[in-house]
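Naming convention: chains lettered A, B, ... in sequence-line order (proteins, then strands); numbering from 1 in each chain. Since we're looking at a predicted model, the values are computed, not measured. These numbers come from the heavy atoms of this one structure, side chains and all, not from hydrogens, waters or symmetry mates.
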Number of protein chains: 2
Amino acid sequence: MENSKSEAKSMKVTIYDIAKKAGVSIATVSKVINNTGSMRESTRQRVLEIMQQLNYQPSVMASALMGKKTETIGLLVPDISNPLFSEMARTIEDRAHDQGMSVIMCSTDDNPEKEKKYVELLQRKQVDGFIVGASFHDKSLLQELIDNNIPLVMLTQDEPSLDVSKVTVDDFKGGYEATSHLLFNGHQNIAIIAEYAYSSNLRINGYRAAHEVYGAVSKEEYIYRTTASILNGKKYFDKLFSRQDVELPTAIFACNDQLAIGAIQAAKEKGLQIPNDVSIVGFDDTILATTTVPGLTTIAQPIKTMGEKIVDVLIKEIKAGKSLKERFLYNPELIVRGTTNVFNEGTVDKQ
Amino acid sequence: MENSKSEAKSMKVTIYDIAKKAGVSIATVSKVINNTGSMRESTRQRVLEIMQQLNYQPSVMASALMGKKTETIGLLVPDISNPLFSEMARTIEDRAHDQGMSVIMCSTDDNPEKEKKYVELLQRKQVDGFIVGASFHDKSLLQELIDNNIPLVMLTQDEPSLDVSKVTVDDFKGGYEATSHLLFNGHQNIAIIAEYAYSSNLRINGYRAAHEVYGAVSKEEYIYRTTASILNGKKYFDKLFSRQDVELPTAIFACNDQLAIGAIQAAKEKGLQIPNDVSIVGFDDTILATTTVPGLTTIAQPIKTMGEKIVDVLIKEIKAGKSLKERFLYNPELIVRGTTNVFNEGTVDKQ
DNA sequence: TTGAAAGCGCTAACAG
DNA sequence: CTGTTAGCGCTTTCAA
């Protein structure tokens with residue numbers, strides 16, 4: 001009635017089972033698991049074999065208890081169902097798995113209570129490090145992690161008050177390029193629908209800078225702020241086009257693809273032709289930018305590159321045991337599709 | 001030089017610290033943590049207070065080692081960046097967090113090697129249960145989990161060979177409704193672009209059944225299979241429209257939104273008008289269905305409801321310690337937008 | 001080269 | 001009502 005065969009019963013097989021069957025001590029088994037210490041090659045082989053036979057999987061829990069890593073990272077983003085973040089998440093997940101780590105995702109909804117809850121949860125789960133994406137409101141929570149020397153890196157959020165490693169796109173340049181493209185093509189009245197995020201400040205600065213360079217005036221009345229969603233894109237487009245006090249804009253620079261799509265939809269509903277009556281530029285270059293007709297002209301972030309880099313940076317810091325405070329700034333790229341009329345330049349990829 | 005104040009130093013505070021400071025034993029502290037046993041109310045309060053003061057977070061690792069749950073679930077889907085799954089994931093995440101659990105996500109890419117790798121990884125991390133979404137090729141891996149009595153539920157995948165709880169949409173009915181809508185509106189030549197998935201078999205059956213009911217003939221030449229992507233939607237649309245041996249279809253039923261969008265793009269490129277020259281119906285009703293112009297007529301899955309249900313079922317099974325083998329079948333709903341012409345019926349939500 | 005033993009932070013009897 | 005104690009599965013000195 002004993003399970004003397006290699007057919008492990010249902011009970012989880014532990015380091016003790018391996019040790020007994022191999023006729024060695026658990027210390028020895030531990031050494032072969034971790035590839036530490038030295039021993040007779042034949043011993044190592046025997047243990048290895050038995051581990052195979054019994055399909056032994058060392059418990060991450062137990063080793064984490066002993067101060068080893070959990071090989072898990074926490075990913076905090078505003079909303080994983082937002083295409084920008086789901087695309088980022090996919091890259092992050094792949095890169096992490098390549099290095100033997102898994103990722104727990106948490107959508108904060110820009111809600112400080114959820115932020116707190118998730119940070120604490122992830123700490124209880126003893127994640128090896130955090131990736132914080134796009135926006136995080138309760139800075140003090142993050143500062144506390146930093147103070148406790150818990151690896152933390154920021155993606156797509158160049159919040160100056162936090163002194164950690166960051167991977168971002170050059171938001172200023174992105175804003176500048178989007179606006180230049182529009183100015184270059186003859187638009188004088190360009191509105192901007194931005195987000196309540198640090199990145200949007202930078203993009204707005206780029207927008208203003210472009211105006212200066214082109215000798216145009218950027219009107220404060222054209223600058224709106226909201227949160228990312230198609231609905232808000234619609235709403236703010238309508239607001240913009242129902243004002244009496246300023247000239248109607250002929251172009252919109254939306255600070256992300258969702259807002260841009262909302263603007264497209266609102267324009268269509270108003271019977272405006274795109275790009276002739278109104279041109280629209282988005283930001284991010286998510287899948288959404290390719291599914292509209294006409295395709296959305298947008299500023300591309302190198303999502304894949306950034307996702308991979310942020311994982312690499314985090315893992316490096318986890319190994320180093322301290323923040324390296326590196327900053328990586330990537331170039332945005334203007335992708336011209338059908339929502340702007342083009343008399344020139346730019347990467348043309350019309351669909 | 002002692003940190004006698006409530007200002008916990010950097011070392012993690014443990015159950016011992018609480019016990020010492022409260023002047024009780026760790027057993028007592030453990031009891032208040034888990035709300036077990038009984039004790040003087042004043043004692044409980046005192047301990048609770050100190051836990052607050054020291055910002056004590058019980059280690060999930062340590063309690064998991066003792067056989068408690070890890071409060072983590074593993075989510076396996078083909079690709080988290082696919083809007084259907086990211087929207088599902090969002091719902092799942094929220095529902096799980098509501099009940100104190102977090103989710104580790106893994107994208108399998110329909111690749112059996114990744115499937116194996118992730119299942120093993122999640123086991124090492126001792127997840128309390130698995131949610132397997134949409135498609136999973138190596139059935140034996142799942143069967144092994146089931147045999148080991150590890151909670152496992154399936155979402156959107158009514159694979160008959162696995163006897164576990166399932167939450168799915170009624171794929172047959174969805175296929176039937178999509179096709180009926182087209183037949184009812186006068187189409188006789190309706191092609192279908194399906195996936196290599198069990199759900200697609202069912203949708204194809206519905207497609208055939210609708211033909212029978214309407215006294216139409218469903219031609220095998222109109223049935224294509226591929227994997228979900230915009231590119232494949234385009235590709236198969238082109239294939240369909242370059243055949244000489246059958247009449248050109250006047251309508252396409254694509255088994256998911258991505259394929260449908262590819263078809264829309266291909267149609268536009270060919271200069272075909274939608275819905276007049278060709279009508280298109282999708283499946284899923286993801287965000288993609290709302291961003292195209294015209295909006296995509298599609299079969300909606302109740303993503304939120306299903307996501308919540310699958311979590312509830314899994315958690316119930318985790319608590320029960322065994323599979324309940326429940327099946328939940330949800331009604332799909334036809335959402336009529338602009339890619340089909342309507343002479344009648346259906347939920348109209350044109351944009 | 002190997003193993004005995006002392007924990008990691010927590011839970012769960014079992015005594016007191 | 002409360003504390004003592006024996007582990008959970010693993011890592012890591014330190015001796016042998």
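- For the OP1/OP2 pair of D:dG3 and a distance below 4.0 Å, the side-chain nitrogens and oxygens of B:Thr28 include at least one atom meeting the criterion.
- Within the 4.0 Å cut-off from OP1 or OP2 of D:dG9, not a single side-chain nitrogen or oxygen of A:Thr14 is found.
- For B:Leu65 and D:dG7, the CG to C1' distance is 10 Å, given to the nearest whole Å.
- Taking only side-chain nitrogens and oxygens, A:Ser30 comes nearer than 4.0 Å to OP1 or OP2 of D:dT11.
- The pair B:Lys125-A:Glu71 fails the salt-bridge criterion, with no side-chain N (NZ, NE, NH1 or NH2) lying under 4.0 Å from an Asp/Glu carboxylate O.
- The residue among A:Tyr56 and B:Ser42 whose nearest nucleotide of DNA chain D is located toward the 5' end is B:Ser42.
- The base of D:dC8 does not come close enough to the side chain of A:Tyr16 for any donor and acceptor atom to sit less than 3.5 Å apart.
- Computed from coordinates, the B:Met61 CE to D:dC8 C1' distance equals 14 Å when rounded to whole Å.
- Salt bridge absent: A:Glu159 and A:Lys166 never bring a charged side-chain N and a carboxylate O closer than 4.0 Å.
- Contact annotation for A:Thr36: no contact, since no heavy-atom pair falls under 4.0 Å across all strands.
- Neither OP1 nor OP2 of D:dG3 sits under 4.0 Å from any side-chain N or O of B:Lys31.
- With C:dG9, D:dG3, D:dT2 as the choices, the nucleotide that has an atom nearest any side-chain atom of B:Arg40 turns out to be D:dT2.
- Counting only heavy atoms from C-beta on, A:Ser25 has its side chain closest to C:dA4 among C:dA4, D:dG9, C:dG9.
- A straight line from CD1 of B:Ile15 to P of C:dC8 spans 13 Å, rounded to a whole angstrom.
- Of the candidates C:dT11, D:dT4, D:dC10, the closest approach to any side-chain atom of B:Ala27 belongs to D:dT4.
- Side-chain contact of A:Glu317 with A:Ser165: a donor-acceptor pair under 3.5 Å is present, judged by distance alone.
- B:Val24 comes within 4.0 angstrom of sugar-phosphate atoms only, judged by non-hydrogen atoms across all strands, and of no base.
- The CE-C1' distance, from B:Met66 to C:dC8, rounds to 13 Å in whole Å.
- Out of C:dT11, C:dG9, D:dG9, the shortest distance to the side chain of B:Ser63 is found at C:dT11.
- Atom CD in A:Gln126 sits roughly 14 Å away from atom P in C:dC8 (whole-Å rounding).
- Comparing D:dT11, D:dT12, C:dC10 by their closest approach to the side chain of B:Ile26 singles out C:dC10.
- Counting non-hydrogen atoms of other residues, nucleotides and ligands closer than 6.0 Å to CD of B:Glu41 gives a total above 12.
- With rounding to whole Å, A:Lys69 atom NZ is found 17 Å from C:dC8 atom P.
- Remark: A:Arg90 engages B:Asp79 in a salt bridge, criterion side-chain N to carboxylate O under 4.0 Å.
- In this structure, B:Leu54 places its CG atom 15 Å from C1' of C:dG9, rounding to the nearest Å.
- In summary, the side chains of A:Gln143 and A:Asp147 do present a donor paired with an acceptor at a separation below 3.5 Å, with no hydrogens or angles considered.
- Rounded to an integer number of Å, the gap from A:Lys68 NZ to D:dT13 C1' is 14 Å.
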